[in-house]
Protein chains: 2
Amino acid sequence: MTKTSSQCPTKKEVLQSLHVSENDLQDSKAVVKAATCMPDDDVLIDLSEVFKVFGDSTRVKILSALSYNELCVNDISALLQMSQSAISHQLKVLRSAHLVTSRKDGKVAYYKLDDQHVESILAIGMQHVIEKGSK
Amino acid sequence: MTKTSSQCPTKKEVLQSLHVSENDLQDSKAVVKAATCMPDDDVLIDLSEVFKVFGDSTRVKILSALSYNELCVNDISALLQMSQSAISHQLKVLRSAHLVTSRKDGKVAYYKLDDQHVESILAIGMQHVIEKGSK
DNA sequence: AAAACATATGAATATATGATCATTTGAATA
DNA sequence: TATTCAAATGATCATATATTCATATGTTTT
């Protein structure tokens with residue numbers, strides 16, 4: 001069986017796909033390694049989309065609040081002292097990203113964190129903030 | 001010794017500070033718990049700022065690349081097939097957020113991840129993407 | 001010293017996005 | 001059934017931001 005380029009591209013193939021020659025680069029070995037090991041573009045784009053959802057103070061506050069208790073829209077609105085509409089819009093964003101789930105009890109919609117990852121991400125991010133400071 | 005309100009605010013005090021009365025809320029106990037336990041606003045804002053930096057595909061690609069190797073600006077530019085200027089601007093954002101550090105060797109500036117948190121955050125975010133899918 | 005090179009930076013622009021306001025949907029209750 | 005209430009949604013607007021283009025800075029080499 002012969003290795004195909006998609007399974008194990010040669011250095012030459014990698015550089016070609018990047019439209020560069022070896023002497024355009026300071027460290028072609030490092031570039032090839034990164035190019036070979038990095039996840040596909042679409043995966044990294046998805047990843048950035050997830051972080052983008054964490055990257056808003058209103059949404060982070062909602063997530064932080066939900067890490068202690070399930071809460072309904074009205075109560076989140078009161079807690080954060082923001083309009084019901086603003087909260088509802090952001091909850092939609094959080095739902096789309098699978099960061100929260102909701103259940104309905106009559107007219108009241110209760111939200112909670114979707115899974116354990118959410119808390120983990122918040123916790124590690126918090127560590128970074130504590131160690132490196134804000135700015 | 002008497003507890004002061006700043007050390008252990010009463011339920012009444014918490015609700016007052018939120019400008020709500022108990023019957024504005026579905027679950028006042030849950031709201032008070034969240035209000036009491038949540039980190040201060042400025043901490044959560046800082047946290048969201050960190051995630052905001054992760055929340056861009058170009059920056060995530062840079063961070064992913066740097067997780068395999070230290071790389072210089074030119075090589076990142078070639079790897080991502082983006083202009084030197086665009087990369088340099090984003091590296092500045094990453095530096096400001098303490099996600100990468102740089103060293104200079106002559107004219108060449110090499111960048112690497114600042115600390116272990118960066119990789120951890122990427123890894124957990126990736127888990128979420130894999131498990132929940134992109135959209 | 002001049003030229004070449006790697007990186008950084010400032011201004012400008014186009015796009016993305018968060019909050020508001022007005023309205024709608026859907027469920028409980030009078 | 002009409003009303004009230006919680007939540008969701010659509011349109012709009014103001015702000016934030018990522019890239020480009022032009023240029024500056026600083027270093028090495030000729």
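Each chain gets a letter, A, B and so on, in the order its sequence line appears, and its residues count up from 1.
Here the closest heavy-atom approach between residue A/Ala78 and residue B/Val20 is recorded as CB-CG1, 3.9 Å.
Among the nucleotides C/dC5, C/dG18, C/dT7, the one closest to the side chain of B/Val108 is C/dT7. Comparing C/dA6, D/dA18, C/dT7 against the side chain of B/Lys107 picks out C/dA6 as the nearest.
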Extract all donor-acceptor atom pairs below 3.5 Å that involve side chains of residues 60-74 of chain A and protein atoms in other chains or at least two apart in sequence.
residue: A/Lys61; atom: NZ; partner: B/Asp41; partner atom: OD2; Å: 3.0
residue: A/Ser67; atom: OG; partner: A/Ser64; partner atom: O; Å: 2.5
residue: A/Tyr68; atom: OH; partner: B/Cys37; partner atom: O; Å: 3.2
residue: A/Asn69; atom: ND2; partner: B/Ala30; partner atom: O; Å: 3.1
residue: A/Glu70; atom: OE1; partner: A/Arg103; partner atom: NH2; Å: 2.8
residue: A/Glu70; atom: OE2; partner: A/Arg103; partner atom: NE; Å: 3.0
residue: A/Asn74; atom: ND2; partner: B/Asp24; partner atom: O; Å: 2.8

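Put simply, A/Gln90 has a side-chain N or O that comes within less than 4.0 Å of OP1 or OP2 on C/dA19. For the pair B/Tyr111 and C/dA8, the criterion of a side-chain N or O lying under 4.0 Å from OP1 or OP2 is met. Phosphate contact (OP1/OP2 of D/dT9, side-chain N/O of A/Lys92, threshold under 4.0 Å): present.
In this structure, CD of A/Gln26 is placed 10 Å from C1' of C/dC5, rounded to the nearest angstrom. Rounded to an integer number of Å, the gap from A/Lys52 NZ to D/dA16 P is 17 Å. Here D/dT19 presents its C1' atom at 13 Å from NZ of B/Lys61, a figure rounded to the nearest Å. Summarising the geometry, the separation between CG on A/Leu91 and C1' on D/dT9 is reported as 13 Å, rounded to the nearest angstrom. C/dA8 atom C1' lies 8 Å from atom CZ of B/Arg95, rounded to whole Å. Per the geometry, CG belonging to A/Asp105 stands 11 Å off C1' belonging to C/dA28, to the nearest Å. As rounded to whole Å, 18 Å separates atom C1' of C/dG26 from atom CZ of A/Arg103. Between the CZ atom of B/Phe54 and the P atom of D/dA18 there is a distance of 14 Å, rounded to whole Å.
Side-chain atoms of B/Phe51 and A/Leu122, non-hydrogen and from C-beta on, do get closer than 4.5 Å to each other.
Counting only distance, with no hydrogens or angles, the side chain of B/Asp115 and the backbone of B/His117 share a donor-acceptor pair below 3.5 Å. A donor-acceptor pair under 3.5 Å is absent between the side-chain atoms of A/His98 and the main chain of B/Glu131, judged by distance alone.
Nearest-nucleotide positions on DNA chain C for A/Asp56 and A/Lys104 put A/Asp56 closer to the 5' end.
Among the protein residues, A/Tyr110 comes within range of no part of the nucleic acid, since none of its heavy atoms lies under 4.0 Å from any strand.
Shown for residues 71-89 of chain A: residues whose heavy atoms fall under 4.0 angstrom of DNA chain C, namely A/Met82, A/Ser83, A/Ser85, A/Ala86, A/His89.
Sparse packing is recorded around NZ of A/Lys33, with 12 or fewer heavy atoms of other residues, nucleotides or ligands lying under 6.0 Å away.
For B/Ser77 and B/Gln84, the side-chain atoms include no donor-acceptor pair closer than 3.5 Å.
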